[in-house]
Number of protein chains: 2
Amino acid sequence: MKPVSIKDIAKAAGVSHPTVSRALCFSPLVKAETAQRIRDMATAMGYRPNAVARGLVTRRTRTIGAVVTTLTDPFHGEVLSGVEELASDHHYSVFVANCNADADREIRVVKLFQERRVDGIVVMCSRVGALYAPLLRELKIPIVLINSNYPNDVFDSVAIDNLGASLQAVQHLISLGHSQIAYLGDQFGLDSDRERFAGYRQALLGAGLPVVTSLTVCGDGTPEGGQAAAARLLALPEPPTAIFCYNDQSAIGALSAIRVHGLRVPEDVSIVGFDDLRIASFANPPLTTVRQPRQLMGRTAAGILLDLLSGSVGQTHVQIPGELIIRRSTATCSTAVSDIQEPAI
Amino acid sequence: MKPVSIKDIAKAAGVSHPTVSRALCFSPLVKAETAQRIRDMATAMGYRPNAVARGLVTRRTRTIGAVVTTLTDPFHGEVLSGVEELASDHHYSVFVANCNADADREIRVVKLFQERRVDGIVVMCSRVGALYAPLLRELKIPIVLINSNYPNDVFDSVAIDNLGASLQAVQHLISLGHSQIAYLGDQFGLDSDRERFAGYRQALLGAGLPVVTSLTVCGDGTPEGGQAAAARLLALPEPPTAIFCYNDQSAIGALSAIRVHGLRVPEDVSIVGFDDLRIASFANPPLTTVRQPRQLMGRTAAGILLDLLSGSVGQTHVQIPGELIIRRSTATCSTAVSDIQEPAI
DNA sequence: TCTTTGATCGAAACGGGTTTCATACAGGAA
DNA sequence: TTCCTGTATGAAACCCGTTTCGATCAAAGA
């Protein structure tokens, strides 16, 4: 009926249950042959340790909680996969909870994790980074934030170098002769959006180009949102010759909008994405984008968390550089070429 | 130091700890005003119940385990999202574990879940469906399988109607005049692959068309695999005029291969995918595909599991019909048109 | 021979809740 | 007043492990 416990084994083996416990943990305190006999009996009886009971007494559950904004986003899935991978290598299990990009829900989820007595928490793209400080003081659970380095001095974090990467991406466009460059952001992107915009802005200013308000539009991180936002750009009296998108999903939507508008990529408009999702290289044309090592970021965050759990102290902030992957959605600006009287190829 | 327990509250309130327990559970056994006083004190002291301890005594942890083959696949992410959504609505938490499409690991993961005393398990695209029978007898944990209805009579399951959906998809191609139709499968697709192939085969035979061995190739469910497999098809002396793909990811790879090969979709080759991933409608051209309601499938599976947990008996097998979404990657077969001397449009 | 030491193991406590059972007491009926 | 009933609460057991402490015993040293 009930699963076998160490007491059942103890009875069967004619020893006390602590002895069984020790034998199963390979404690040197029990005679080798006795221990072997007990272990044999345990496997014979189909014993499976009860992690719940163990967690109660040891106050370590060997679980970590992962809070994710939208599980349906392949980006998050891959980061989560990295977290899970490293965690499971270290015999940790991971709870996953979706907060649907809702700050209240994010807090609720974290509190639920606390009730579950997870050993640590990883939060991806937190909505409430700044609010964790007081919450955490109350919680006393190690937290690592991924791509939401709000209070950079309070929490351990792993984040892509948004500013540097966008700078690089937009400089790439500038080097191709573009000057009418748009930024297609994510209204829910929070910090990441702000930083990527900052990189965009910095690149323009660095090249002596103006930052035109009408060339900044907002999507929502999805292809649909990207499509709609790009359509707005194309409807401008002076549409951009290049669009730097918040992420690949938006960029894919933008590609679609441009096609619908009867223009070609990259001949008429260049597009740069962000993330390098697996499908980016299969877009038509293959997308120039900034690669974010997603699984690595997940693994890194989990690694920091595990370090924290094994007693390491001091903050760790890993800033991961993005890598610009140049594919075929970006090309020399045709109008620029004619401006400076270069011969067409 | 330690988190506050009901005993701490009991001491502070001058009652016994069972009374506190009852008050917090809104048991009618404790006087209303006492209960209120206790609850006020609990919140004042920042009490958070310990789910581990509760799980130990009640033998219900309110957790479910989700086994997923590849978390990085957006398909799985969305199903998982559905599972998590319904679970969290019912105050269940979900453990997620990746088995990397490895049967041994899948079994290990399930056993780990058992140690964690999850109340139930959802397995997506199981590698070892058939093996669960003996394992389960030993485990005694309710399991629901998603898209892996191996022993259809042993486990509760939710599955897409692979055969019916493929039949419909391939009939669509046939109705467009195609007769050289290829099947681009997934070597790791197991049952799903077999069933989709069966639907393909049935459609061909039903239309009096031959099933040509060389027109059946295998990818691995990824764009890369689809690209490679499609390239093999295009290299045939008599290449297909239409390709029915195991999933959208493969189809996207195929689109890319066809482009590289200098052919156009759908003018030269029609492509049908499977899943209707969010990006399917943003492919170029937008992909004709079979829609699988992924989140719904996850929710449904979780619903069955929760029913099981609340004592329902009897098997539930939900077969979800796929919906053919016709977009622009399929068109009338040009060679067929010339064969039957129809005027070109 | 007596004490010390180390090896081996059992008894008991503990973790933080829930549940059963017993008790105390107030109010109502006889 | 006595008995009964119901309400409100506490004591204790329990869930299943781990850990501390103490006991036993044999071997080794004094």
Side-chain angles (χ1 to χ4, degrees), chain A residues 1-39 41-42 45-63 91 112 114-119 140-141, chain B residues 1-39 41-42 45-63 91 93 112 114-119 140:
Chain A
M1 200 62 238
K2 277 197 291 185
V4 303
S5 72
I6 58 170
K7 285 176 191 165
D8 300 322
I9 301 173
K11 204 172 296 173
V15 295
S16 72
H17 75 273
T19 300
V20 175
S21 172
R22 287 186 274 251
L24 295 176
C25 293
F26 291 86
S27 156
L29 292 178
V30 16
K31 194 161 53 168
E33 40 212 293
T34 314
Q36 191 54 53
R37 189 167 56 85
I38 291 173
R39 283 192 295 264
M41 190 154 291
M45 296 173 71
Y47 172 72
R48 308 250 79 207
N50 184 329
V52 177
R54 180 178 295 160
L56 181 59
V57 56
T58 61
R59 278 101 168 275
R60 288 317 251 349
T61 53
R62 293 194 87 86
T63 58
H91 304 100
L112 178 61
Q114 184 200 8
E115 295 191 3
R116 298 243 173 243
R117 297 300 190 262
V118 299
D119 294 335
K140 302 217 207 58
I141 300 179
Chain B
M1 198 65 237
K2 276 196 294 184
V4 304
S5 73
I6 57 171
K7 285 173 191 166
D8 299 324
I9 301 172
K11 204 172 296 172
V15 295
S16 71
H17 75 271
T19 300
V20 175
S21 171
R22 287 187 273 252
L24 295 175
C25 293
F26 291 86
S27 156
L29 293 177
V30 19
K31 194 160 54 168
E33 42 212 292
T34 314
Q36 191 55 54
R37 188 168 55 85
I38 291 174
R39 283 193 294 265
M41 189 155 293
M45 296 173 71
Y47 172 72
R48 308 250 79 206
N50 183 328
V52 176
R54 179 180 292 159
L56 180 60
V57 54
T58 62
R59 278 98 166 277
R60 288 316 250 351
T61 53
R62 293 193 89 86
T63 57
H91 304 101
S93 292
L112 178 61
Q114 184 200 8
E115 294 189 3
R116 297 242 174 245
R117 297 301 190 261
V118 300
D119 294 335
K140 304 216 204 61

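Convention: sequence-line order gives letters A, B, ...; per-chain numbering from 1.
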## Note on the structure
In short, B/Val52 meets A/Gly55 closest at the heavy-atom pair CG1-C, 4.1 Å
### Task
Measure the distance from CD1 on A/Ile6 to C1' on D/dC14 and round it to the nearest whole Å.
15 Å
## Note on the structure
Within residues 53-62 of chain A, the residues having a heavy atom closer than 4.0 Å to DNA chain D are A/Ala53, A/Arg54, A/Val57, A/Thr58
### Task
Scan A/Val15 against the nucleic acid and name what it touches under 4.0 Å (heavy atoms): base, sugar-phosphate only, or nothing.
sugar-phosphate
### Task
Taking all heavy atoms of B/Ser16 and all of B/Ala10, pick out the closest pair and write down the distance.
C-CB, 3.7 Å
### Query
What's the spacing between B/Thr34 OG1 and B/Arg39 CZ if we round to 0.5 Å?
10.0 Å
### Message
Looking only at the side chain of B/Asn50 (C-beta and beyond, no hydrogens), which of the listed nucleotides C/dG17, D/dA11, C/dT8 gets closest?
### Response
C/dG17
### Query
NE2/A/His17 to CZ/A/Arg22 distance, rounded to the nearest 0.5 angstrom?
9.0 Å
### Task
Kindly determine whether A/Lys2 and B/Arg59 satisfy side-chain contact (heavy atoms from CB on, under 4.5 Å), including the steps that lead there.
CA-CA 10 Å; A/Lys2 277 197 291 185; B/Arg59 278 98 166 277; 2.3 Å; yes
### N/O donor-acceptor pair under 3.5 Å between A/Arg117 side chain and A/Gln114 backbone
yes
### Message
Using a 4.0 Å heavy-atom cut-off, does A/Ser21 contact any base of the nucleic acid, only the sugar-phosphate backbone, or nothing at all?
### Response
base
### Task
Mind calculating the distance between CD1 (B/Ile9) and C1' (C/dG16) to the nearest angstrom?
11 Å
### Task
Let me know the distance between NZ of B/Lys7 and P of C/dG17, rounded to the nearest Å.
8 Å
### Query
When the distance from CD of B/Glu33 to C1' of D/dT9 is rounded to whole Å, what number comes out?
14 Å
### Query
Judged by atom type as modelled, is there a donor-acceptor pair below 3.5 Å linking the side chain of B/Arg60 to the main-chain atoms of B/Asp119?
no
### Message
What is the distance, to the nearest angstrom, from the CZ atom on B/Arg37 to the P atom on D/dA8?
### Response
14 Å
### Task
Starting at atom CG of A/Leu24, determine the distance to atom P of D/dC16, rounded to an integer number of angstrom.
15 Å
### Message
Does B/His17 contact D/dT9 through a side-chain donor or acceptor facing the base, at a distance under 3.5 Å?
### Response
no
### Query
Would B/Tyr47 and B/Val20 count as a side-chain contact (heavy atoms from CB on, under 4.5 Å) if you check the C-alpha gap in whole Å, the side-chain angles of each, and the deciding distance to 0.1 Å?
CA-CA 11 Å; B/Tyr47 172 72; B/Val20 175; over 6 Å; no
#### Entry: Donor-acceptor pair (no angle test) under 3.5 Å: A/Arg22 side chain, C/dG10 base
yes
### Summary
If each end axis of the helix from C/dT1-D/dA30 to C/dA30-D/dT1 is fitted on five C1' pair positions, the angle between them, to 10 degrees, is 70°
### Query
Nearest-Å distance, NZ (B/Lys11) to P (D/dG10)?
14 Å
### Message
Under 4.0 Å from OP1 or OP2 of D/dA8: is there any side-chain N or O of B/Thr19 that close?
### Response
no
### Message
Just the rounded figure in Å: distance from P of D/dT18 to CZ of A/Phe26.
### Response
13 Å
### Query
If you take all heavy atoms of A/Ser21 and A/Ile6, which pair is closest and at what distance?
CB-CD1, 4.1 Å
#### Entry: N/O (side chain, A/Tyr47) to phosphate O (OP1/OP2, D/dC16) under 4.0 Å
no
#### Entry: Donor on one side chain, acceptor on other, A/Arg116 and B/Ser93, under 3.5 Å
yes
### Residue met sooner reading DNA chain D from 5', once A/Val20 and B/Ser16 are mapped to nucleotides
B/Ser16
### Message
Heavy-atom nearest nucleotide on DNA chain C for A/Gly14 versus B/Pro18: which residue maps closer to 5'?
### Response
A/Gly14
